[in-house]
Amino acid sequence: MTLPFLPFTRPTIDEDTIAEVANVLRSGWITSGPKVQAFEAALSDYCGGRPVRVFNSGTATLEIALRLAKVGAGDTVITTPLTWVATANVILEVGATPVFVDIDPITRNIDLDQLESAITSTTKAVIPIDLAGLPVDRDRLYTIADTHGLRVIEDAAQSFGASWKGKRIGHSFGNGGDFVSFSFHANKNLTTSEGGALVLPADVDTGLCERLRLQGVQRFPDGSMDVDVLGGKFNLTDIAATIGLGQMKHIESFTTRRRELAQRYFARIDPSLGLELPMADFSNNNWHMFQVLLPAGTNRGKFIAAMKQRGIGVGVHYPALHLFSLYRARGFKEGDFPQAERVGAAIVTLPLFPAMPDSDVDRVCSALSTSLQEIE
Ligand SMILES: *Cc1c(COP(=O)(O)O)cnc(C)c1O
């Protein structure tokens, strides 16, 4: 018997959510409305009462955060080269200059020692990301940011449901907290199909955030309107918000299940294969992805093809982004960030999602052994 193809991830949408989406579709109001407001309230509650606004993508929340932080031409923003390219693209989008800092090979997140030495007089903000759901050290991060007067925009696209020392990501760390950006893309731990949310610092005008989200339009009680800033078109629909509300009910159980599966991988992967495993953290990390590094010299393309032949989907998240043409054209090259380049060239994402049974971890582990042998 051949088992069905196992993708590296798959969303879990319950029947109540599907029924609620159908109700919205029949209601006569399918764009932003009451469901968006309810979703924002639920997210705010989840984030310790902080103001939260939702958007049609995680990328939009990052860009709006930069605009609200008044980052633009002449400013530099520090981030990691080992992330989804959106994290760096938004810096270019607002006219600022990205500065990359290499990763710590243990956490695979931005190296905080190197971050501190990369700060200059033009550095306005830092965008750390919690790769695969493992949070960057929030204590150290905010100590650095406060010392140097930097704004922090936490790219928490992958860390919804994760915690730092018992406090969920999205809560405020450091001096009153700063921006936290979530993505609700289909592959993320909480999804709205596409979408995002921005947790706002206390000193930011929520009205301005809303205007930047929708064409800069301000409406007055007498029915008149004005446009005072250049906003975009970034609002979330009630259809998407309804999916998000349905997902919120399961976030704790999703995270618990992901941690169990990750632990099973640690127990079942044959150590003699020579794979470099992720950091074994089962209290902070939400295990958005289970990522291993292939042994030096392994042909990743052949490995992925061998796994696919055994019915198993493997992802690549991510090649070091400073080596993409867009960034090479801005002067970046091989050798600039050796750790990110080494990890980015060897990393693969193995299947892990809440509905996956234990037996599928075992299936992946035996396919790992046979695939690596086959392509040797
Ligand atoms: C998914 C992701 C984003 C972008 O989110 P979208 O909702 O796809 O726009 C940004 N940064 C990181 C680290 C991500 O994983």
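Source: prediction; values computed, not measured.
The side-chain heavy atoms of K233 and L214, taken from C-beta on, include a pair separated by under 4.5 Å. With contacts defined as side-chain heavy-atom distances shorter than 4.5 Å, the pair P105/R342 qualifies. Using a 4.5 Å heavy-atom threshold, the side chains of P338 and D102 count as touching. Side chains of L66 and V90 form a contact here, defined as non-hydrogen atoms less than 4.5 Å apart. A heavy-atom distance below 4.5 Å is found between the side chains of L92 and R330. Using a 4.5 Å cut-off on side-chain heavy atoms (C-beta onward), Q291 and L131 make contact. When side chains are defined from C-beta on, V229 does not count as touching R67, because their heavy atoms never get closer than 4.5 Å. The side-chain heavy atoms of Q215 and V227, taken from C-beta on, include no pair separated by under 4.5 Å.
Scanning both residues, A162 and P135, for their nearest heavy atoms gives CB-CG, 4.1 Å. Between I127 and T79, the shortest heavy-atom contact is O-OG1, 2.7 Å. Shown here for K70 and K124, the closest heavy-atom pair between the two residues is O-NZ, 2.8 Å. Nearest heavy-atom pair, Y46 versus I169, reported as atom, atom and distance to 0.1 Å: CE2-O, 4.1 Å. When all heavy atoms of L212 and L230 are compared, the pair lying nearest together is CD2-O, 3.7 Å. The nearest pair of heavy atoms linking D178 to R50 is O-NH2, 2.7 Å.
In this structure, the side chain of R259 engages the main chain of S283 through a donor-acceptor pair within 3.5 Å. With hydrogens and angles ignored, the 3.5 Å screen pairs a side-chain donor or acceptor of S57 with a backbone N or O of A60. In this structure, D104 contributes its side chain and N109 its backbone to no donor-acceptor pair below 3.5 Å. Side-chain N or O atoms of E154 include none that pairs as donor or acceptor with a backbone N or O of P128 at under 3.5 Å. Side chain of D146 to main chain of T143: no donor-acceptor pair is present (N/O by atom type, distance under 3.5 Å, no hydrogens or angles). Of the possible donor and acceptor atoms, one in the side chain of T192 sits under 3.5 Å from a partner among the backbone N and O of E194. Within the 3.5 Å criterion, the main-chain N or O of A132 finds no donor-acceptor partner in the side chain of R108. Panel note: side chain S44, backbone A41; no donor-acceptor pair is recorded below 3.5 Å. A distance-only check finds a donor-acceptor pair linking the side chain of Q247 to the backbone of T12 [under 3.5 Å].
One distance of note links OG of S371 with CG of L294; it measures 10.5 Å at 0.5 Å rounding. The line from CG of L134 to CD1 of I129 is 10.5 Å long, rounded to the nearest 0.5 Å. Between T298 atom OG1 and F303 atom CZ the span is 8.5 Å, to the nearest 0.5 Å. Here the straight-line distance linking atom CG of L198 with atom CD1 of I64 works out to 8.5 Å at 0.5 Å rounding. To the nearest 0.5 Å, atoms OG1 (T370) and CD (Q309) are separated by 10.0 Å. Note: L350 CG to L368 CG = 5.5 Å, rounded to the nearest 0.5 Å.
Side-chain rings of F8 and H317 approach one another, their centers coming within less than 6.0 Å. With ring centers used as reference points, F332 lies 6.0 Å or more from F324. Aromatic pair F184/F39: ring centres closer than 6.0 Å.
With hydrophobic clusters built from ILVMFWY side chains whose heavy atoms lie under 4.5 angstrom apart, F55 shares a cluster with I91. Placement of F290 and V343 in two distinct hydrophobic clusters is found when ILVMFWY residues are connected by side-chain heavy-atom separations under 4.5 Å, directly or transitively. Criterion: ILVMFWY side-chain heavy atoms under 4.5 Å apart, direct or through other members. Under it, I13 and V24 are part of a common hydrophobic cluster.
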- Task: For side-chain contact (heavy atoms from CB on, under 4.5 Å), just list the numbers for H185 and T191, CA-CA rounded to whole Å, side-chain angles, deciding distance to a tenth of an Å, and then say yes or no.
- Result: CA-CA 6 Å; H185 171 265; T191 187; 5.8 Å; no
- Would K308 and I312 count as a side-chain contact (heavy atoms from CB on, under 4.5 Å) if you check the C-alpha gap in whole Å, the side-chain angles of each, and the deciding distance to 0.1 Å? CA-CA 5 Å; K308 196 173 173 191; I312 290 162; over 6 Å; no
- Message: Would R219 and D226 count as a salt bridge (Lys or Arg N to Asp or Glu O under 4.0 Å) here? Give the steps.
- Response: CA-CA 7 Å; R219 291 179 190 277; D226 188 28; over 6 Å; no
- Verdict with supporting geometry, T237 and T31, side chain to side chain donor-acceptor pair (under 3.5 Å): CA-CA 4 Å; T237 69; T31 184; over 6 Å; no
- Item | Verdict with supporting geometry, L323 and E341, side-chain contact (heavy atoms from CB on, under 4.5 Å) | CA-CA 9 Å; L323 300 179; E341 289 167 29; 3.9 Å; yes
- Begin with the C-alpha distance, continue with both residues' side-chain angles, and end with the deciding distance and a verdict on side-chain contact (heavy atoms from CB on, under 4.5 Å) for V126 and R151. CA-CA 6 Å; V126 53; R151 286 234 84 139; over 6 Å; no
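A salt bridge is absent between R257 and E252: the closest approach of a Lys/Arg side-chain nitrogen to an acidic carboxylate oxygen does not fall below 4.0 angstrom. Under the 4.0 Å criterion applied to side-chain N and carboxylate O atoms, R140 and E116 are assigned as salt-bridge partners. R310 has a carboxylate O that lies under 4.0 Å from a charged side-chain N of E374, or vice versa, which qualifies the two as a salt bridge. Taking the charged nitrogens against the carboxylate oxygens, R328 and D336 have no contact shorter than 4.0 Å, which rules out a salt bridge. The pair D238-K35 does not count as a salt bridge, with every side-chain nitrogen at least 4.0 angstrom from each carboxylate oxygen.
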Pairs under 3.5 angstrom only: tabulate donor-acceptor contacts from the side chains of residues 261-269 to other protein residues two or more places apart or in another chain.
| residue | atom | partner | partner atom | Å |
| --- | --- | --- | --- | --- |
| R264 | NE | D358 | O | 3.4 |
| R264 | NE | D362 | OD1 | 2.9 |
| R264 | NH2 | D362 | OD1 | 3.4 |
| R264 | NH2 | D362 | OD2 | 2.9 |
| Y265 | OH | P351 | O | 2.6 |
| R268 | NH1 | D362 | OD2 | 3.4 |

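At least one test fails for R258 against the ring of F353: distance under 6.0 Å to the centre or angle within 45° of the axis.
Residues D155 and W84 have side chains that never bring a donor and an acceptor to within less than 3.5 angstrom of each other. Checked by atom type, the side-chain pair E20/T242 shows no donor-acceptor distance below 3.5 Å. Side chain to side chain, Y327 and N89 meet the donor-acceptor criterion of an N or O pair below 3.5 Å. Defined by atom type and a distance below 3.5 Å, a donor-acceptor pair is present between the side-chain atoms of N235 and S32.
Listed by first then second residue, pairs satisfying salt bridge (charged side-chain N to carboxylate O under 4.0 Å, His left out) with a partner in residues 5-16 number zero, not counting sequence neighbours.
Of the listed residues (I103, T87, V136), just one forms a side-chain contact (heavy atoms from CB on, under 4.5 Å) with T80, and that residue is I103.
Heavy atoms of other residues, nucleotides or ligands lying less than 6.0 angstrom from CG of L275 number more than 12. Other residues, nucleotides and ligands place more than 12 heavy atoms under 6.0 Å from the NZ atom of K167.
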